[in-house]
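First the structure, in the form of structure tokens, and then the observations on it.
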Amino acid sequence: MTLIQELMKQASKGGLLNIASFNRFSPTEIRETIQTLVITEQMDLANALGDAGMSLYPSSEDMLAINGLLAMMRREWSTSVEYLQELMDLQGNNTQAFTFVMMVRALRCNLDPARAMHVVRQGLAAFPEQLELVAEKLALEDYADLVGESSQIQ
């Protein structure tokens with residue numbers, strides 16, 4: 001039985017998800033299933049599976065990444081920052097450009113432009129040609145000029 005089949009079977013019973021039944025699935029399988037649920041706009045199930053995945057695999061890159069994105073979709077910025085920071089700490093020098101971009105956006109939405117600028121600089125040091133990071137840097141500089149906080153942000 002695939003994870004999506006197991007999830008649908010449990011959901012049809014109307015009760016809470018039985019986390020123990022998901023431990024036979026890998027973090028990658030759980031992440032891919034969450035992505036499918038998001039695409040099909042089944043957000044309650046996606047979030048429930050994300051929570052289950054985190055309880056089973058709290059140090060998994062797959063779980064930290066997808067739960068960081070789910071938190072962004074729910075506009076839970078501090079939670080997203082927490083998950084993405086854990087992911088970046090875990091990946092170290094292997095942090096992907098996409099992770100830097102998502103972290104900068106979460107920090108901006110969490111009203112922390114100074115830290116967002118710090119992260120964008122880290123990202124650009126590793127990925128100097130990454131257009132989304134360049135755009136985020138320019139937006140943060142424009143914001144700093146607008147509010148007169150360029151010394152704090154830059």
Straight-line distance of Lys137 NZ to Asp142 CG, nearest 0.5 Å: 10.5 Å
Sole residue of Leu49, Ile34, Val38 in side-chain contact (heavy atoms from CB on, under 4.5 Å) with Ile66: Ile34
Close side-chain approach of Phe100 and Met88, heavy atoms under 4.5 Å: yes
Where Phe25 and Ile30 come nearest, the two heavy atoms and their spacing: O-CD1, 4.0 Å
Atom pair SG (Cys109) and CD (Glu76), whose distance is rounded to the nearest 0.5 Å: 13.0 Å
Distance-minimising heavy-atom pair for Val120 and Glu136: CG2-CB, 3.9 Å
Polar side-chain atom of Gln130 near backbone of Phe127 as donor-acceptor pair, under 3.5 Å: no
Any donor-acceptor pair under 3.5 Å from Ser80 side chain to Ala71 backbone: no
Min side-chain heavy-atom separation Val81-Arg115 under 4.5 Å: yes
Polar side-chain atom of Tyr83 near backbone of Ser78 as donor-acceptor pair, under 3.5 Å: no
Nearest non-hydrogen partners of Met63 and Pro27, listed with the distance: CE-O, 3.3 Å
Evaluation steps, side chain to side chain donor-acceptor pair (under 3.5 Å), between Thr28 and Asp62: CA-CA 6 Å; Thr28 301; Asp62 282 313; 2.7 Å; yes
Donor-acceptor contact below 3.5 Å, side chain Gln5 vs main chain Thr2: yes
Considering all heavy atoms, the nearest Ala46-Leu70 contact: O-CD1, 3.8 Å
Any donor-acceptor N or O pair under 3.5 Å, side chains Thr99, Gln96: no
Check: Tyr57 main-chain N/O paired with Ser60 side-chain donor or acceptor under 3.5 Å: no
Expected output: side-chain Thr33 to main-chain Glu29 donor-acceptor under 3.5 Å: yes
Short N-O contact, Glu132 and Arg105, less than 4.0 angstrom: yes
Over all atoms of both residues, closest heavy-atom pair of Ala106 and Met72: N-CE, 3.9 Å
Rounded distance [0.5 Å steps], CG in Leu87 versus CG in Asn67: 11.0 Å
Non-hydrogen side-chain atoms of Ile4 and Leu37 separated by less than 4.5 Å: yes
Heavy atoms of other groups near Asp89 CG, more than 12 under 6.0 Å: yes
Euclidean distance, Trp77 CH2 relative to Leu111 CG, rounded to 0.5 Å: 10.5 Å
Gap separating the CZ atom of Arg31 from the CG atom of Leu69, nearest 0.5 angstrom: 10.5 Å
From OG1 (Thr36) to CD (Gln42), nearest 0.5 Å: 9.5 Å
Sidechain-backbone polar pair: Asn47 side chain, Met43 backbone, donor-acceptor under 3.5 Å: yes
Considering all heavy atoms, the nearest Ser55-Ala52 contact: OG-O, 2.8 Å
